[in-house]
There are 2 protein chains.
Amino acid sequence: MDTITIKDIARALNLSTSTVSRALRDSYEINAETKRLVIEYAERLNYRPNPIALSLKENRSRVIGVIVPQIANNFFSQTINGIEAVAYSRGYHVIIFQTHESFEREILTVQQAVARKADGLLISLSSSTSDVTHLCQLQEKKLPIVLFDRVSNELDSPSVTADNFGGAFAATEHLIQTGRRRIAHLTIPPYISITQERLAGYRAALDKYGIPYDESLVRYAGFGQDEVEPIVDDLLRQSPDAFFAASDRLALGCLEALKKRNIAIPETVSLIGFTNITVANLLSPSMSTVEQPALEIGQLAAEQLFNMIEGKQKIPQPGIIRIPTRMVIRESSQRSLVG
Amino acid sequence: MDTITIKDIARALNLSTSTVSRALRDSYEINAETKRLVIEYAERLNYRPNPIALSLKENRSRVIGVIVPQIANNFFSQTINGIEAVAYSRGYHVIIFQTHESFEREILTVQQAVARKADGLLISLSSSTSDVTHLCQLQEKKLPIVLFDRVSNELDSPSVTADNFGGAFAATEHLIQTGRRRIAHLTIPPYISITQERLAGYRAALDKYGIPYDESLVRYAGFGQDEVEPIVDDLLRQSPDAFFAASDRLALGCLEALKKRNIAIPETVSLIGFTNITVANLLSPSMSTVEQPALEIGQLAAEQLFNMIEGKQKIPQPGIIRIPTRMVIRESSQRSLVG
DNA sequence: TTGTAGGCGTTATCAT
DNA sequence: ATGATAACGCCTACAA
């Protein structure tokens, strides 16, 4: 791999490496003619500074690390899109890591990012992460960290999520207002912040309408292939008159299971995740959704991070920014489950 | 960022950096006691070798670059999953770049990957890439490159795709066998290999059944938001009795447009892309699909790449590996468009 | 068995 | 205006 270096240019032009370096960085104290010569030659040979050498020297990489549980997930891939757009506009590159919902891999992954001298980290916590000391330590070492989506208040960092509470509240309220009382809540593992927030929104809505909270209507599902179906069966035994699923995957799994059992669904609300409105519109039976602003979350999180990285003067305000969700109501024609 | 280096260990233990280095790499020519001491100390301080320094020294990075048009795309995100799994198991890391379907960004992106000393590249070409000399040049410099999904025979590299011809043939044949004769083909930009292959499969099936190829039934759509609808309208004017869409996105766009116009669909086949079978199963109107083995494509492509990177001895067989697709037939109840 | 020196590509400091 | 030198963290040939 015959990469051309500053040395090559220096040799060819009978200059010292320092002169070449200065010429390329357009230093003022350099002869205009020399400068022209160097720049021309560099261009002709398509010289590119070695980012690795620069990283070693400057102890930074112009790379930010993005750590997500899964890439193959509509929400996260759209978030990454937003992050990448912002990073790109600032001349940074993005390196993406997956934790596969494993705490151990999250730790390894964070170590890797740090070892590779990422200038900052954007993290969405794995579902098995309850302890964030590994992140606290980095923060003490002044590494800029921003959490998004799955956040933690154990960590004093800026965080960006959707308004999960509000979205869940609206979804549940809608179901109540259309006559449902026994609303099943199918949700993701309990540790994650979004689960808690969505559950709280659900409970608050029940509260508001004087409907008692019934624990037997709430079920947590992991990320396994065949976990959803038995849980739906289980919930059906509680004779619910509506389903409120906390994610795309669960909502789809739920629909699938119900269809299989030939159960007509009055209305199912999938909270959070149906960024892909196109799909939701075409689903049968139809399903109302709460749309999550994935792109915006990514952009805003990235902007927060760059504020920390570049404007070191500003003290990062460690607080959670919540971006409003948007509810899309799709009425289904049947209501057979309604009491 | 108080990262601990080999120097720190040397100073603390009153040794030279070389001794420490050797001890850590478990060199045979080192005193067992010294070795123990060093390793223990390193562990206690949680020492991690600086990959950047290593990259600079060894002129390689243990990172492979993956270049895709879009991350936020079911197919690509699943492919990346497969790639990552293989890379991870070999101790490599993956850095992902998006070209956003732009030739210019593909070039920039490839340069970046090279500058960052990626040990190899996995590329799915952008839809606006017709010229691959930028890749040929790298190949001459011995950089291992493997193409996947969107390949090119201008480049003598191992390539991995789905059996697009076979999939399209099967899809079209199925439509013919169920009585259709005027099968509209809604497809992606013409430059890309997969478009050509799918079109060829479509034509071959028509041929087999003596149906003349009608150019007015074929339309290419770009990746813009609102491109699909007018094209579908256009196609409808040709009074087709079936649709064969060449991607997830187009198939969904097509369904959406038809639904909006209250047009009953006898059957639409979306070729290639519905990795997300769950969604396809729930769609209304239902739609047969050709499933693409995204994960396997990623894995196989990565394996090819590692063969080139590690077993430099083996001459990479520059040929296209085609992984079979799987067709899932979902019969729709209505057939109103059928002549 | 251990230490010294040089180099990977670049820039900053200090000469000249 | 330009050059020599050292340093970033690591490894390795060579010396001791």
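Residues from residues 44-57 of chain B lying near DNA chain C, meaning a heavy-atom separation below 4.0 Å, are B:Leu56, B:Lys57 in numerical order.
Looking at heavy-atom distances under 4.0 Å, A:Asn14 makes contact with sugar-phosphate atoms alone, never a base.
A heavy-atom distance below 4.5 Å is found between the side chains of A:Val151 and A:Ile320. Side-chain atoms of A:Ser152 and A:Leu125, non-hydrogen and from C-beta on, do get closer than 4.5 Å to each other. Proximity of B:Leu13 to B:Tyr41: side-chain heavy atoms (C-beta onward) are separated by under 4.5 Å at one or more points. Contact of the A:Ser157 side chain with the A:Gln139 side chain is registered, since non-hydrogen atoms from C-beta on lie closer than 4.5 Å. Counting heavy atoms from C-beta on, the side chains of A:Arg60 and A:Lys117 never come closer than 4.5 Å. You'll find the side chain of B:Ile321 stays beyond 4.5 Å of the side chain of B:Pro158, heavy atoms only.
With hydrogens and angles ignored, no donor-acceptor pair closer than 3.5 Å exists between the side chain of A:Thr17 and the base of D:dA4.
Nearest nucleotide to the side chain of A:Thr5, out of D:dC11, C:dT2, C:dG9: C:dG9. With C:dT4, C:dT1, D:dA1 as the choices, the nucleotide that has an atom nearest any side-chain atom of B:Thr34 turns out to be C:dT1. Residue B:Ile6 has its side chain nearest to D:dC10 when only C:dT2, D:dC10, D:dT2 are considered. Comparing atom distances between the B:Leu15 side chain and each of D:dC8, D:dG3, C:dG3 picks out C:dG3 as nearest.
Atom CG of B:Leu37 is separated from atom P of C:dT2 by 10 Å (rounded to the nearest Å). Here D:dC8 presents its P atom at 10 Å from CG of B:Asp8, a figure rounded to the nearest Å. Atom CD1 of A:Ile9 is separated from atom C1' of C:dG9 by 12 Å (rounded to the nearest Å). Rounded to a whole Å, the NZ atom of A:Lys117 is 8 Å from the P atom of D:dG9. Atom CG of B:Asn31 and atom P of C:dG3 are 11 Å apart (whole Å). In this structure, B:Leu13 atom CG and C:dT1 atom C1' are separated by 15 Å, rounded to whole Å. Regarding B:Arg22, its CZ atom lies at a distance of 11 Å from the P atom of C:dT1, rounded to whole Å. Distance, B:Tyr28 OH to C:dT2 P: 14 Å, rounded to whole Å.
The residue among A:Arg25 and B:Ile30 whose nearest nucleotide of DNA chain C is located toward the 5' end is B:Ile30. Judged by closest nucleotide on DNA chain C, B:Ser16 is the one of A:Lys7 and B:Ser16 placed further toward the 5' end.
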- Message: Evaluate A:Tyr88 against B:His100 for ring-ring contact (aromatic ring centres under 6.0 Å, His included), listing each step before the verdict.
- Response: CA-CA 12 Å; A:Tyr88 184 79; B:His100 296 284; 7.6 Å; no
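An OP1 or OP2 oxygen of C:dT11 is reached within less than 4.0 angstrom by a side-chain nitrogen or oxygen of A:Ser21. Side-chain N/O atoms of B:Thr19 include one lying less than 4.0 angstrom from OP1 or OP2 on C:dG3.
Under the 3.5 Å distance criterion, with hydrogens and angles disregarded, no donor-acceptor pair is assigned to the side chains of B:Gln299 and B:Asn81.
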